[in-house]
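Notes follow the structure.
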Amino acid sequence: SKFITLPAPRGLLLVVAGVGLVGPVGAEEGDKGGRAAAAEPVVGDPWKFYREGDFANAQYNFERLLEQSGEAAPADAGAAARGFGVIADRFLGTNRAAVNTPERLQFARGTAAFKAGDFDAAMDAFGSVLAADDVKLRENGHYNLANTVFEQAKVQDKRVKKPTLKYMDGLIRRLENSLEHFQEALVLNSDNAAARKNHDAVAELIKKLKEKREQMAQQQGQGEGKQE
């Protein structure tokens, strides 16, 4: 399995330093390092950009296909079949006719956005497949959305130098949202070992953060008492 090793951030997620979440479905494919986004997006085959590790341009071109497609097949419906089928297969299976449906393109867009660090777009894309008829796609959508919410919380936490109780409450809510999506993935597939591992890791983290929040509240109360 592919793991995302979480570095020790400066903020409260320091307690996650030793926790590894199993990465989103599809996120292990392509160039592991990725490439810096060009100043201007380049129009082309999103599967080719993804294979080459250019995730920003892959995301841009998946979005173009979605704009073209509406509820029908996109104008470039054969893109994934022209020599880049291996990546498409790992995302979506071997049914080439189904590769470029709007829901599956959203899933691919979300994974490219995750790899490009655009977590808002990734959450939007994964959220759009949660009502799909395909149960496996729904499961993977919940799983990837849970990972994305967690990763965004980790990145945001690195910027926090002096956390407040209000910040702690928001952080815990975001992680509880992540936990809920792992739970939904498990409802759809109780044998999803990666979702189970991540669910348990996030649940333990939430427990530790709630304990930390309680300590902060007690210390602030004691400090206010001394000032009186």
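Any value given below was found using the heavy atoms of this structure, including those in side chains, with hydrogens, waters and symmetry copies removed. Nothing here was measured: the structure is a model prediction, and the numbers come from that model.
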*asked:* Determine whether N144 and F114 satisfy the following criterion, side chain to side chain contact (heavy atoms under 4.5 Å, CB included), listing intermediate values before the conclusion.
replied: CA-CA 9 Å; N144 281 11; F114 179 92; over 6 Å; no
*Apply side chain to side chain contact (heavy atoms under 4.5 Å, CB included) to the pair Y50 and Q59, showing each step before the final yes or no.*
CA-CA 8 Å; Y50 194 95; Q59 176 188 348; over 6 Å; no
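Rounding to the nearest 0.5 Å places CD of E103 at 13.5 Å from CZ of R109. Between atom CG of residue L105 and atom CG of residue L65 there is a gap of 5.5 Å, rounded to the nearest 0.5 Å. Rounded to the nearest 0.5 angstrom, F107 CZ and L137 CG are separated by 6.5 Å. Summarising the geometry, atom CD belonging to E180 is positioned 10.5 Å from atom NE2 belonging to H142; distances are rounded to the nearest 0.5 Å. We find the CG-OG1 distance between D120 and T148 to be 10.5 Å, quoted to the nearest 0.5 Å. Between atom CG of residue L66 and atom CZ of residue R104 there is a gap of 13.5 Å, rounded to the nearest 0.5 Å.
Using a cut-off of 4.0 Å between Lys/Arg side-chain N and Asp/Glu carboxylate O, D54 and K48 are scored as not salt-bridged. Looking at E176 and K210, a side-chain N of the basic residue comes within less than 4.0 Å of a carboxylate O on the acidic one, giving a salt bridge. Looking at K208 and E211, no side-chain N of the basic residue comes within less than 4.0 Å of a carboxylate O on the acidic one, giving no salt bridge. Salt-bridge check for E67 with R64: failed, with every basic side-chain N at 4.0 Å or more from each acidic carboxylate O. With salt bridges taken as basic N to acidic carboxylate O contacts below 4.0 Å, none links D133 and R138.
Proximity of N189 to Y143: side-chain heavy atoms (C-beta onward) are nowhere separated by under 4.5 Å. Side-chain contact check for Y60 versus V43: some heavy-atom pair is nearer than 4.5 Å. Between L179 and Q183, the closest side-chain pair of non-hydrogen atoms falls below 4.5 Å.
Of the possible polar contacts, one joining the N61 side chain to the G44 backbone as a donor-acceptor pair under 3.5 Å is found.
Of all heavy-atom pairs between F182 and N147, the closest is CE2-ND2, 3.8 Å. Among all heavy-atom pairs drawn from A112 and A58, the shortest one is CB-CB, 4.1 Å. The nearest pair of heavy atoms linking A185 to A195 is CB-CB, 4.2 Å. A pairwise comparison of heavy atoms in L165 and A217 identifies CD2-N, 3.9 Å as the closest pair. Among all heavy-atom pairs drawn from A121 and A113, the shortest one is CB-CB, 4.0 Å. When all heavy atoms are compared, the tightest approach of T111 to F126 is N-CZ, 3.4 Å.
Partner of I172 under the side-chain contact (heavy atoms from CB on, under 4.5 Å) criterion, out of N177, L205, L209: L209 alone.
Judged as a salt bridge (charged side-chain N to carboxylate O under 4.0 Å, His left out), and not counting sequence neighbours, the contacts of R213 are D169.
Surrounding CZ of R174 are more than 12 heavy atoms belonging to other residues, nucleotides or ligands, all under 6.0 Å away.
Placement of L145 and L186 in two distinct hydrophobic clusters is found when ILVMFWY residues are connected by side-chain heavy-atom separations under 4.5 Å, directly or transitively. Hydrophobic clustering of Ile, Leu, Val, Met, Phe, Trp and Tyr side chains at less than 4.5 Å, counting indirect connections, unites L171 with M216. V202 and M123 fall within a single hydrophobic cluster, where Ile, Leu, Val, Met, Phe, Trp and Tyr are joined by side-chain heavy atoms under 4.5 Å apart, directly or via other members.
A side-chain donor-acceptor contact under 3.5 Å links D157 and Y167.
Aromatic ring centroids of F55 and F49 lie 6.0 Å or more apart.
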